[in-house]
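See below for the structure under consideration.
All values derive from a computational prediction rather than experimental measurement.
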Amino acid sequence: MDDAVAEQIEYYRARAGEYDEWWVRRGRYALPPELERQWFHDVAQAEAALHDFAPTGRVLELACGTGLWTRHLVGHAQQVTAVDASPEVLEHNRDRLAGAPLNIEYVVADVFGWRPAPASYDVVMFTYWLSHVPDDRLAGFWAGIRAALKPGGRVFVIDSASLSPQPSGGRMEQRQLADGRQFSVLKRYWTVDELESDLRSRGWSPTAYMTDNHMILVATATATGPERAV
């Protein structure tokens, strides 16, 4: 699995320059008109959910990517630590947030190996990242989030949804870049029930739902007690 994680990092480094094309559905990521309408409706719904969540105080954004979600922290957060293993996507993030009234510390680090000071954040958020966490690393990943949060701290999650039933657990998917290079990437399509059940088993109080057209998973969580073994 270490090799799979390394290849995943390599993929997102190589994809940095074209990642946003997927988000705005340009070129080879274009959708038929009705699906495009549904996609942007769900994007707006997910963005509104983050604003309603109001990520105030010190915010840790893991796998922050090109800043598509970092930009929505303006007006909420007092300070942001934006972590990503790809220096290439962090450059896009810096460019996108240049001049924004937001205090951002950028950290180039593998999310699985980097550890912040304990109890130092009010919010931890990550978007389109949980689906790439290998099943055998979930316990350590959530333990790290718990350790990073102040008492009463909160978690905000955005991730992929699937319009068709998917098998439980992670599996490898083939991804191709515009230049033809191919990579294997771990992907898990969490359902609302699976995610809520998993988080409750780890001592979290979660709320999860799918956006109106079932294209995006939105979840929030707070720690309710000591971490539990699963």
Exercise. Checking S197 side chain against E194 main chain: does a donor-acceptor pair fall under 3.5 Å?
Worked result: no
Exercise. Do you know which two heavy atoms are closest between V59 and Y121, and how far apart they sit?
Worked result: C-CD2, 3.6 Å
Problem set entry | pair D20-R96: side-chain heavy atoms closer than 4.5 Å | yes
For this session: Take R71 and E47, measure what side-chain contact (heavy atoms from CB on, under 4.5 Å) needs, and give me the verdict at the end.
Result: CA-CA 11 Å; R71 60 184 173 170; E47 291 173 341; 4.0 Å; yes
For this session: Return the orientation label for the W39 and W23 ring planes: parallel under 30°, perpendicular over 60°, tilted otherwise.
Result: perpendicular
Problem set entry | Straight-line distance of R175 CZ to R15 CZ, nearest 0.5 Å | 6.0 Å
Problem set entry | Spacing of OG1 belonging to T222 relative to CH2 belonging to W204, to within rounding of 0.5 Å | 8.0 Å
Seminar exercise, completed: Only one of W69, F141, F156 passes ring pair (Phe, Tyr, Trp, His ring centres under 6.0 Å) with F126, and that residue is F141
Problem set entry | Co-membership, hydrophobic cluster, residues V89 and Y11, 4.5 Å side-chain | no
For this session: From the options L60, N103, L73, V123, select the one residue that forms a side-chain contact (heavy atoms from CB on, under 4.5 Å) with V80.
Result: L73
For this session: Give a yes or no answer on whether the side chain of Q8 reaches the backbone of H132 with a donor-acceptor pair at less than 3.5 Å.
Result: yes
Exercise. Is Q174 reaching over with its side chain to a backbone N or O of Q182, donor-acceptor style, under 3.5 angstrom?
Worked result: no
For this session: Could you tell me whether R28 and E18 make a salt bridge, using a distance below 4.0 angstrom between a side-chain N and a carboxylate O?
Result: yes
Exercise. Do the side chains of F112 and V133 get nearer than 4.5 Å, heavy atoms only?
Worked result: yes
Problem set entry | Nearest atoms (heavy-atom pairs only) where A161 meets L217 | CB-N, 4.2 Å
Exercise. Under 3.5 Å, is there a donor-acceptor pair between the T81 and E61 side chains?
Worked result: no
Exercise. Nearest 0.5 Å, what's the CG-CZ distance between L31 and R37?
Worked result: 12.0 Å
For this session: Please step through side-chain hydrogen bond (donor to acceptor under 3.5 Å, both in side chains) for the pair S184 and E173, ending with a clear verdict.
Result: CA-CA 6 Å; S184 294; E173 290 186 348; over 6 Å; no
Exercise. Do the charged groups of E91 and R94 touch, with an N to O distance under 4.0 Å?
Worked result: yes
For this session: Might you point out which heavy atoms bring A82 and I104 nearest each other, and give the distance in Å?
Result: CB-CG2, 4.1 Å
Exercise. Which value, rounded to the nearest 0.5 Å, describes the distance between D212 atom CG and H41 atom NE2?
Worked result: 3.5 Å
For this session: Would you name the heavy atoms of T224 and S205 that are closest together and state the gap between them?
Result: CG2-CB, 3.0 Å
Exercise. Any donor and acceptor pair, going by atom type alone, linking the side chain of D135 with main-chain N or O of G169 inside 3.5 Å?
Worked result: no
Exercise. Would you say the side chains of H92 and Y19 form a donor-acceptor pair under 3.5 Å?
Worked result: no
Problem set entry | Flag side-chain contact, heavy atom, 4.5 Å: E36 against F40 | yes
For this session: Give, for atom CG of D198 and atom CG of L130, the distance between the pair rounded to the nearest 0.5 Å.
Result: 8.0 Å
Exercise. Should L138 and Y189 be counted in the same cluster of Ile, Leu, Val, Met, Phe, Trp and Tyr side chains packed under 4.5 Å apart?
Worked result: no
Exercise. What residue among R58, R154, K150 forms salt bridge (Lys or Arg N to Asp or Glu O under 4.0 Å) with D122?
Worked result: K150
Problem set entry | D159 side chain to S131 backbone, donor-acceptor under 3.5 Å | yes
Exercise. Do the charged groups of D84 and R13 touch, with an N to O distance under 4.0 Å?
Worked result: no
Exercise. Does NZ or CZ of R188 lie under 6.0 Å from the centre of the six-membered ring of W190, at an angle within 45° of the ring axis?
Worked result: yes
For this session: Work out which heavy atom in A49 is nearest to a heavy atom in V218; give both atom names and the distance.
Result: CB-CG1, 4.0 Å
Exercise. Would you call the rings of W22 and Y128 parallel, tilted or perpendicular, where under 30° means parallel and over 60° means perpendicular?
Worked result: perpendicular
For this session: Can you measure from CG (D95) to CG (L90) and round to the nearest 0.5 angstrom?
Result: 11.0 Å
Exercise. With a 4.5 Å limit on heavy-atom distance, are the side chains of P206 and L195 in contact?
Worked result: no
For this session: Report the C-alpha separation of H51 and H76 in whole Å, then their side-chain angles, then the decisive distance to 0.1 Å, and conclude whether the side-chain contact (heavy atoms from CB on, under 4.5 Å) test is met.
Result: CA-CA 8 Å; H51 285 289; H76 295 288; 3.0 Å; yes
Problem set entry | Closest non-hydrogen atom pair, G170 against L186 | C-CD1, 3.9 Å
